[in-house]
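Nothing fancy with the numbering, it's 1 onward along the sequence.
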Amino acid sequence: SAQPALPAEITPTVGTLLTSAARSALRTGLPSLRGLLSSDHLHMFVPVPPKLAISDLVRKMKGSSSCKVQREFPAIRRRYWDCQFWGVRA
């Protein structure tokens, strides 16, 4: 059986980091973000202003959360040593 992309014990932390990254990238005090984070994918509902490209928001969220997850969970860094945390293995 396939190993989950995110171990269950870090899933809540990743959700918190992504929410924080979205708020930081948008530079607003968003009242609340809704979403669902599972072991192999994520759905987030984020109000994005027209002046910000969605791809830029996602890039900022992935970049900052990847660094923080790998710093906080060394096992993740060892597991994904040959690619970025949010990257796809070929």
Side-chain angles (χ1 to χ4, degrees):
S1 88
Q3 192 175 26
L6 275 180
E9 64 272 9
I10 73 165
T11 300
T13 302
V14 170
T16 301
L17 290 172
L18 286 169
T19 300
S20 174
R23 286 192 172 111
S24 176
L26 293 169
R27 296 185 181 141
T28 63
L30 295 173
S32 66
L33 297 175
R34 295 184 307 150
L36 171 67
L37 181 65
S38 22
S39 65
D40 63 351
H41 67 279
L42 161 74
H43 295 277
M44 286 184 79
F45 301 96
V46 181
V48 180
K51 66 181 180 178
L52 178 63
I54 293 171
S55 59
D56 288 340
L57 173 64
V58 171
R59 180 182 46 80
K60 290 174 183 180
M61 290 172 60
K62 288 169 69 172
S64 66
S65 63
S66 175
C67 291
K68 291 174 184 175
V69 166
Q70 291 185 50
R71 246 192 328 258
E72 194 166 333
F73 300 97
I76 292 294
R77 180 182 299 158
R78 286 190 297 273
R79 182 171 171 195
Y80 293 102
W81 69 272
D82 63 343
C83 68
Q84 294 178 351
F85 177 62
W86 295 115
V88 177
R89 287 184 177 212

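Residue Arg71 comes nearest to Pro74 through the heavy atom pair O-CD, 4.4 Å, listed as atom of the first residue, atom of the second, then distance. The two residues Leu57 and Ala25 have their closest heavy-atom pair at CD1-CB, 3.5 Å. Smallest separation of non-hydrogen atoms from Ala21 and Met61: CB-CA, 3.8 Å. Minimum heavy-atom separation, Glu72 to Thr13: OE2-CG2, 3.7 Å. The two residues Leu52 and Lys60 have their closest heavy-atom pair at CD1-NZ, 4.5 Å.
With a 4.5 Å cut-off on side-chain heavy atoms, Val14 and Ser65 do not count as touching.
Taking OG from Ser64 and CG from Leu18, the interatomic distance works out to 7.5 Å, rounded to the nearest 0.5 Å. Atom OG of Ser24 sits about 12.0 Å away from atom CG of Leu17, to the nearest 0.5 Å.
Side-chain N or O atoms of Ser20 include none that pairs as donor or acceptor with a backbone N or O of Thr16 at under 3.5 Å.
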